[in-house]
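Naming: A, B, ... by sequence-line order, numbering from 1 per chain.
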Number of protein chains: 2
Amino acid sequence: MEVVTQILSANDQIAQENRELLESRGILAVNLMASPGAGKTSLILQTAKALAGRVRVGVIEGDIASHVDADKVAAEGIPVVQINTGGTCHLDAPMVRQALKSLPLDKIDILFVENVGNLICPVEFRLGEGLRVMIASVAEGDDKPYKYPGIFTAVDAVVINKMDLAPYVEFDLAALREAIRGLNRRAEIFEVSCRTGEGLAPWADWLEKQWRTKT
Amino acid sequence: MEVVTQILSANDQIAQENRELLESRGILAVNLMASPGAGKTSLILQTAKALAGRVRVGVIEGDIASHVDADKVAAEGIPVVQINTGGTCHLDAPMVRQALKSLPLDKIDILFVENVGNLICPVEFRLGEGLRVMIASVAEGDDKPYKYPGIFTAVDAVVINKMDLAPYVEFDLAALREAIRGLNRRAEIFEVSCRTGEGLAPWADWLEKQWRTKT
């Protein structure tokens, strides 16, 4: 028990240093968490497009293996660093500290940190972010807050993605919103489709406002 | 490092005891792993229907919180025990040992153990299963083997679920099959839709054959 406490404290200390560095540069970091395949990279790419000319975006990609996502981001001309955790189920603050050294921080306003696809473990590790955001995919169903309450409780915003799939799956939007509200009264909730572009403007506007307020 | 090794060994020892108990009763346990919302409970319910009259099914449901899934299974008259891990990101062998005490083992041929929704951590913990099976949801995309190679390498079968969504998402079935094969040449691959029932018969037949062979 004592060992776990010490690990978390060491991580939190480095997270605090990351946050101070980022804030001193006027950068808002967004710790983006979701299940595998919920649309984290798609949301980053679509949000960068929606914010083009207003806010400069940078990305840290976290994956156990591969650079599939970083390649997609780099192809759009967005500054990006890939972290491969080599098996670890979450990002931690030391990984992010290392990645920050390779990014052009003077050219970034909002830094998306795409966490490893996992609804559980990433929640325990602060990275130095100013916002914690999760994506809930319509394809995953409307009962996920009951099964993974920790992440729904912890985040500043829930982005419900793949709204275009709602007609083709069993999904009750009102039930999902109610379940989220039961755990988290303050989180913003957005409904989007990264495929069709539906709903992205209010999300991007909110994010820009958060950046202007917090930095 | 030494501590981690000891934890795994203790778990493996209890897993071995679970497996011996199950085999002595002629039960094949299936450790079913997948992302949140990939369709684990739906696959269990549909498979139980497909096997009705041929093989008797039992279920252990693993979730961080809630008994949503166990309620669905019990409503079909299937023996079921819910494990709530209380935050832990995977099932382990001691949890399963405890759950086995509450199941009518003399009425079960195939025991599905639905793991916590997570593509990473459950792979490290043996439960006493005879088969390890994962579900890959079409909605998650075709690139998951590159990002989560551990689970795709470890399993005896990959069930590609939600095939009915393929027309509505960007998904290349051949690319997914090739990526799976690159990591795992021996795994069986099934294409199903738990919603439409498509493809379930070959999967259920294979599972029955595994039960008859292994017990």
Query - Lys/Arg N to Asp/Glu carboxylate O, A/Arg132 vs A/Asp156, below 4.0 Å - result: no
Honestly, the part of A/Cys89 sitting under 4.5 Å from a heavy atom of chain B is both
Cut-off 4.5 Å, heavy atoms of chain B, and the answer for A/Val123 is neither
Note: vs chain B, highest number of non-hydrogen pairs under 4.5 angstrom among A/Ala65, A/Ser35, A/Pro149, A/Ala38 is A/Ala65
Q. Any ion pair linking B/Glu140 and B/Lys162 (charged N to carboxylate O, less than 4.0 Å)?
A. no
Going by atom types alone, do B/Asp69 and B/Thr41 pair a side-chain donor with an acceptor below 3.5 Å? yes
Q. If we only count heavy atoms from C-beta on, is the B/Leu91 to B/Pro122 side-chain gap below 4.5 Å?
A. no
Turns out that what part of A/Asn84 lies under 4.5 Å from chain B's heavy atoms comes down to neither
Whatever's closer than 4.5 Å to a heavy atom in chain B on A/Ile64 counts as both
Which class fits the ring pair B/Trp203 and B/Phe190: parallel under 30°, tilted 30 to 60°, perpendicular over 60°? perpendicular
If only side-chain N and O atoms count, and only distance matters, is there a donor-acceptor pair under 3.5 Å linking A/Thr85 with A/Thr88? no
Honestly, the part of A/Lys147 sitting under 4.5 Å from a heavy atom of chain B is both
Whatever's closer than 4.5 Å to a heavy atom in chain A on B/Val138 counts as neither
